[in-house]
Amino acid sequence: MKAIKITAPGGLDRLTVVDLDDPGEPGAGAIRVRLHASSLNFHDYLVVAGKSKVADGRIPMSDGAGVVEAVGADVVEFKPGDHVVSCFFPFWQDGPAPVDNFANTPGDGIDGYARDVVVCPAHWFTQAPKGYSHAEAATLTTAGLTAWRALVVEGGLKAGDTVLALGTGGVSIFALQIAKAMGATVIITSSSDEKLERARALGADHLINYKSEPDWGARVRDLTDGRGADHIVEVGGPGTLPQSIRAVSIGGRIALIGVLTGIGGEVPTALLMARQARLQGLIVGSRREQIDMIRAIEATNLHPIINRSLALGEIAEAFRHQESGRHFGKICLEF
Ligand SMILES: NC(=O)c1ccc[n+]([C@@H]2O[C@H](COP(=O)([O-])OP(=O)(O)OC[C@H]3O[C@@H](n4cnc5c(N)ncnc54)[C@H](OP(=O)(O)O)[C@@H]3O)[C@@H](O)[C@H]2O)c1
């Protein structure tokens, strides 16, 4: 079978297509999945580009979707022919987060899904939403579940709330779609007026260009009659957090998700205290939360926005497209 491997220390020119032995038939409790798609996340980019430490020969990509080809003894949740999607934390099944690192995350601490076939424990996957393509399903493992957990699981999002999404990447467009599906008002920012118009077409209620309006936190307050946003999906990190704290409502929630602008910086602590806002770091979610999200996706007929889909062998080009920042929503690999 074909797979992609990263040659340490990483770098987009060091991604290699290799032939590996077929993994064979699944044992008890395991499934054999023929993979057909993956999707790119900023985290995968950091791994393949050598910006975070990676083992030599690691198979990249946290997201994987495909078809069950065979099931081992004792597997009752899946049968051959089922369409399935992988879990970001294969060992976090339910309950509060037991992990604070990527040691057991496919495509980082363990081999990921840039390969034709995988044999693994059945609980490393869930059923994919009915009617989804494999590429659509692959977008759920990381980006979809992160937005869902931020807004619904931790945020307790309800109709009438105001959600602020930063930028138009994978997580933020999912946040926009989930928030609209649940009856929220959405404010979204972008560096591009053209992307903002695309966000409007998806239902965004208010648009802010964060380049031409650097004090966008104040603009969010204006747009909400001084109230601020109830939920902020904070993908920027230190470069955007001070504005997010300006933008948040009293008692609102900021889900600290991303590191797009760096990994450390100053926080206006007095304003955060005055706002009495909750600032919560989070990484993706559990298998149980993924199952709940998929039920909601089927009920609301939500489909992810795929900006571009490339073949597995074009993985370096796919990451260069992500690096360019031209994308809106998700970039996928299909194989
Ligand atoms: N904690 C978690 O569980 C988790 C899960 C998934 C992702 N993340 C993190 O979340 C971040 C986004 O991930 P992603 O996969 O959605 O990335 P992505 O698809 O590559 O999104 C990148 C987009 O972010 C926007 N952006 C960049 N700098 C910005 C800034 N200063 N202010 C506002 N928007 C900015 C840009 O949107 P415009 O082009 O519209 O300006 C850019 O296109 C990354 O840091 C990633 O590591 C964390």
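Remember, it's 1-based here, ligands and their atoms both numbered in the order they're listed.
Protein residues lining ligand 1, listed by chain and number: N41, F42, T142, T146, L166, G167, T168, G169, G170, V171, S190, S191, K195, Y210, V235, T240, I257, G258, V259, L260, T261, L282, I283, V284, Q322, G325, H327 [non-hydrogen atoms, distance under 4.0 Å].
Salt-bridge check for E317 with R308: passed, with a basic side-chain N closer than 4.0 Å to an acidic carboxylate O.
For F335 and H36, the ring centers are positioned 6.0 Å apart or more.
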request  = Could you go through the salt bridge (charged side-chain N to carboxylate O under 4.0 Å, His left out) check for R287 and D94 one step at a time?
outcome  = CA-CA 6 Å; R287 183 173 190 262; D94 202 349; over 6 Å; no
inquiry  = Using the rule given for salt bridge (charged side-chain N to carboxylate O under 4.0 Å, His left out), can you reason through K180 versus D205, listing the C-alpha separation, both sets of side-chain angles and the distance that settles it, and then say yes or no?
reply    = CA-CA 9 Å; K180 288 313 297 178; D205 299 277; 2.8 Å; yes
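Ring pair H123/F91 is perpendicular by interplanar angle, where above 60° counts as perpendicular and below 30° as parallel.
No donor-acceptor distance shorter than 3.5 angstrom exists from the side chain of E69 to the backbone of R32, with no hydrogens or angles considered.
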